[in-house]
Structure formats: C-alpha cells, structure tokens
Amino acid sequence: MKHSELYVKTGIQRHWLYIPQVLLFAFAIVILSIFSFYNNSIEIKRPVILLACSLFTLFNFSDSRLAVISKIILLYIIEVFFNQISEKVFPIGTFSIHLSLIVLAPLAISFLFYKFQKTNTTFTEMTDFLRSWVTVFVVIILHMLFLFLLLKKIYGYGYDCNFAVVANICLYFLVFIFSWQQLENIGLRRITSSIFTIFFLVITIKGF
Amino acid sequence: MEYNVNKLISDHKYRLQDLFFIILAGLAVLASAFHFWPFERSKIWQMLNIPNLCCGIALFGAVILLIFKKSRSWIISYIPHISILAYLAINILSISFADNLSRPLNYTLKLGLVLIGGLFLFQKALSRSKVLNHFYTFIAITVSISILACIYTRLTFDPKHFGFHGNVFKYGTYIGILMPLVCMYLLAGSRSQIIMAILIAVAGIFSAGSAGAVISIIAGLLTGFILSQKSTIRIHILICILLAVSALLFSNKIFDNATGKDFALKEGDGVNLRQRYIEWQAEINLLEKRGILGTGAGCVNDYRSNFYYRLPKLNTLKAYDQNGFLAIGAETGLLGLAAFIWMLMHYGKMSFKNYINLRTVKNTQACAMAVSNTAGFISCLTANLFSSIHYNGTLIVFVILLSLVSSVDRIYGGNTGED
C-alpha cells in the first residue's frame, strides 16, 4: 500500500496557513530542544541510538509502515524532551510557569492552523493509536483505583502517589494530539528530523 | 451460511519449502513445553533455545526468500502489523536511557526475533486449513507434556518446582494462555477430544500454583462459555469449570495451600500488603518521573525499588511476579505501553471479528477456532495482569496466539487482516 493511499483528503485547502503552521511547529521544536538541553533531568546514556533514529526519519519512505515508524520515532523524541522538562518551571516575576506549557502553546496554535486548513484527513492508523492511548489512561487509572482501595484497606491511608502521573499522561496525550497528524507532512517531518539530528549530533560529540 | 476459504492461499500445492516451515513450526511449539531444559543456566541457550532458534531460522529464510525469490508479495504479507514494528522501534529507542547496554539489547533482540521471526514462521506454516486444523491438536499434546511434567515433579520431587518451567509464574502464563485455547477447540470435536479437553483442564488447574494461572484459565473458559453457540459445548465447558474448581481445592490440600496463598492480599506476616501490589504501585510511581523514557527495555529491576517511597520493601517478591502492563509501561514508557495496547487491540479486534463472521457457519472447526482464539486472547490479557507475556520462553505462546488469530482470518475471513 502506498503512503498516499493511507488518507483521504476532503474540503478546501488553505495553503497560506501552511507557513505559520510550519513556523510555529519548528519554533516549538527548537525551544523544546533548547530547554531540554539546559534542563535535562535524566541523562541520555546512548545519544548515538537517537541520532541514528533521527537520521532514519530524514528519509521519505513510500512504504506506509516505514512512514509510520518515522512518525513514531519523531513523536517519541518530542515526548522524551517533554519528559525532560516536565518538572521544570520558568519564573516570571512572582509567578512561575511550567516549561512544558511554554512549548505546548506554540504546538497547539500550530495544530489549530493545521486544522483551519480544512484538510480533514482521516488516517487509518490514527484511530487505532488514539484508542490505544485512551486505553492506556483506562489501564493506569483502573490500577490506581485498585491500589487505592488496597492501601486504604490494609494501611488505612489513601493513595500513596500524587496525581502527577495522571497529569503527565494528560500532557503526553496532548503532545500526541498536537503533533501526530502534523507529522504526516513530509516537509514538517524533515524540519523536525533535522533539528533532532543536529541536537543529538551535538550531544554525541560534546555530551550534556 | 457457507464459509469462504481464501483461494489464493488454499489452491497452490505443497512444496518442500512449505513442509520445511511446517516442521520448524511444529518443533518450536513442541520445544516450548521444555522451556530452557536441559541447559537452564546457560545464557547462550537462553538466547538460542530451540523455539528462539526456529524463529531465527525462519527469519533468515524469509530474508533469503525475499532476496532471491520473485514472489515477494506473499512474504511481505507476512510482515507483522505496524503496531508490532512500532513497539519494537520504541524498545530500541528506550535502550538510550538504560543504565547498561547488554540487558536491554538482549531483551530487544529476543523480542524482535520471536515477534518478527515467530510470526512469519507460524503464519507461513499455518497458511492452509488442513495444517491449521491439526495445529490445535498438536498444541494440546504439547500442553499435556508440560502439565504432566509439572505434576510429576511437584508430586515426586518438590511441590515448588514447576516442571520444565521451574517458575510458578512462567508456568502459569504458559498454561494459562494455551490451555483455554486448546480446550475450547477440543470441546467442539469428537468424544475423545472432549475427554482430552476435560482432562487437560482438570490437570492444568491441579498443577497451576498461581492465582494468575487459575484466573486466566477460568476467564478463558468463561469466555468460551459465553461465545459458544451450541448448548452441548456449553454443558461441557460447565463440566470443565466444575471439575477444575474441584481440582483446585484438591491441589490446595496436597500442595499445602500454595495456590490459595497466592490469592492472598496480605503478606505472611498478616500486617503488610503483598509485595506484588506494592510493586505495582512502585511502577506507577516510576511513571511520574520517567513517564516516556522508562527504565529501558527489560530493565525494570534496576529502578523499581527507588520508587517504593513510604511503602515497605520486604524482599518477598518472587521472580517473574510482575504485572505485564505496568512492567511494559515502566520499561518502555507510556508510548511503549500505547504501542503494546495498539497491538493487542488490533489482534483482539481481528479475533472478535473472526468470531462474529464464523459463528453461524456450518464448518464447526472454523467456528471452534474463532471461539478458542478469542478465549485464548482473553486468557492472555488476564495472564498479563499477574505475570508478563514478554518473558523469554513465554513470549512464544503469545506469538502462537497472534499467528492463529491472523491465520484464521487469512484462511476463513476472506481478507488478509491488513489495515
């Protein structure tokens, strides 16, 4: 099956919206990489693997399976960077704002531009993957509920963990929603891959 | 309603190449009963035991055929679903964050070998309805060997030794998935097959020493009970369940309440929560810090104790006593878990669709296959709650199940199962 056969395009395309969409997406990826570079909480032990994978995503594959694998790799790296900065905050006067929200905002606006282009693309693999994300929510929450009841019964106190886990799942889910469909675009994918390739090349040579 | 056999698959003649893959698949299934016997301690044998080796040979064969043969299309049609490839890709990526290289690398290699090679091997071997029909009986013989070996060692040598598998949780996952699968198929067959199914069910429950095994077997049998169309089959399943429960009570008396203890929510001290559930909590806690990175494929043991927080660490956790879903989440992150669930959803949907399409056909064997695959799938999901289907030696069972589901779809479903 050819990659182009995976989706059906309907509606009117507004091409002029493509430029702000790409610019915002690229901006989000650049600041995400910079934040991740300076605020990494968990060390990347073998950046060479990530470098090789980013190089792989630079190619345009006609086979649908390889194209989806490319998208998964890019999504994984984006999510990894969000994981690295998820606990970090940026102080603004008396307030402080989470770094992840600073990156999520341009990503979300870029997604809105994408949606306004009225390319109602229906990806076959999107629905299944989306459902599996929802199932991840259900699986984790059911386990948390079960453990809450057990801990309450045996030790008398409630759930041992705060709800940061659920908040994290929500954050990663939003990142998935805002990036997955946009990554279908080969141009956008190449820009993202190039940024990641440079990033991992730098940390492979110089380290964090 | 008549069933449609995919003519593209059923019409061509047997060739030497087909026989080779059928023999290889049979060998892999039969050898899976013996687990790592006779070289349990050898690391090389753990990697290259007979089932893994068969998968490796099949993978090598596929590559050779892909390079030299003109008929590439059918080989490409045996490439696993994209969810499996995505899951493997995430496993490879997660190696970047693991503390050491050898363990995640070995783990991912085994995973890739069995998932890609195994799926190719079994799907290729089961590309004809005749072979598919006999394959269930062959699995039944293999499961019987495993159960008999377990009963023999538990009664004769040590009640804590579980045949060739040695470990209660690995053995439980092995029979917990395969037993309902073969029982449901045999129960729709001749009188001798029905007797064999009842004997396997009773002996399986008698030999199982873990809550996970018992619950997954019962879940599979109950699924079969709900899905079966004929009342006679339902009565036989009911007999199976009743005899199995009696066997469980009998086993508890003989083996010092071993299975009963595994159901307990508290530790032996009567105060603390069972370490298994504390472990589940630790794996959820781990997701807070390493939600996407995970610990690296197969490396959950390196980190989990850091996430107990104020819960007690009693060191009473037995080997392989893991929740498969949480372990995958902890090892490969939430994206890895999402890819794994995507895989389960794809094959689960295919299995249920096969059942819907085949439940009214005249061919009782095709219908029995659809029911037994769905029952096996439910057992697999249940077994994965109390142990992981990803362990070396039990992963082959999961791959057999996926291959059966896709082969039934390929032969009787009239489509290739592709998206």
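Each chain gets a letter, A, B and so on, in the order the sequences are listed, and its residues count up from 1. Basis for what follows: all heavy atoms, side chains included, without hydrogens, waters or symmetry-related copies.
Proximity to chain A (any heavy atom under 4.5 Å) is restricted, for Pro312(B), to the side chain, taken from C-beta onward. For Ser94(B), the parts lying under 4.5 angstrom from a heavy atom of chain A are both the backbone and the side chain. Both the backbone and the side chain of Glu79(A) have a heavy atom closer than 4.5 Å to some heavy atom of chain B. Within the 4.5 angstrom heavy-atom criterion, atoms from both the backbone and the side chain of Val80(A) approach chain B. At a 4.5 Å heavy-atom cutoff, Leu171(A) makes no contact with chain B through either its backbone or its side chain. For a residue to count as touching a neighbouring chain, one of its non-hydrogen atoms must lie under 4.5 Å from one of that chain's; by this rule Phe146(A) touches chain B with the side chain only.
Between the side chain of Glu267(B) and the main chain of Gln275(B), a donor-acceptor pair closer than 3.5 Å is present.
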Return all side-chain donor-acceptor pairs below 3.5 angstrom for residues 49-56 of chain A, not counting sequence neighbours, or 'none' if the list is empty.
residue  : atom : partner  : partner atom : Å
Ser54(A) : OG   : Leu50(A) : O            : 2.5

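Sorted by first and then second residue, the pairs that involve residues 378-388 of chain B and meet side chain to side chain donor-acceptor pair (under 3.5 Å), not counting sequence neighbours, are Thr173(B)-Ser387(B).
Between chain A and the residues Ala339(B), Gly291(B), Ala98(B), Ala89(B), the most heavy-atom pairs under 4.5 angstrom are made by Ala98(B). Contact count versus chain A (heavy atoms, under 4.5 Å) is highest, among Leu337(B), Leu273(B), Leu85(B), for Leu273(B). Among Leu88(B), Val271(B), Asn323(B), Leu287(B), the residue making the largest number of heavy-atom pairs under 4.5 Å with chain A is Asn323(B). Interface summary for chain B: among Phe176(A), Tyr172(A), Phe82(A), the most heavy-atom pairs under 4.5 angstrom belong to Tyr172(A). Between chain A and the residues Lys289(B), Arg274(B), Lys266(B), the most heavy-atom pairs under 4.5 angstrom are made by Lys289(B).
Within the cation-pi definition used here (under 6.0 Å to the ring centroid, within 45° of the axis), Arg290(B) qualifies as a partner of Tyr303(B).
Between Glu283(B) and Arg304(B), no side-chain nitrogen of the basic residue sits less than 4.0 Å from a carboxylate oxygen of the acidic one, so the salt-bridge criterion is not met.
Open room surrounds CZ on Phe90(A); 12 or fewer heavy atoms of other groups in view lie less than 6.0 Å from it.
The aromatic rings of Phe81(A) and Phe196(A) stand perpendicular to each other, their planes meeting at an angle above 60°, with 30° marking the opposite boundary.
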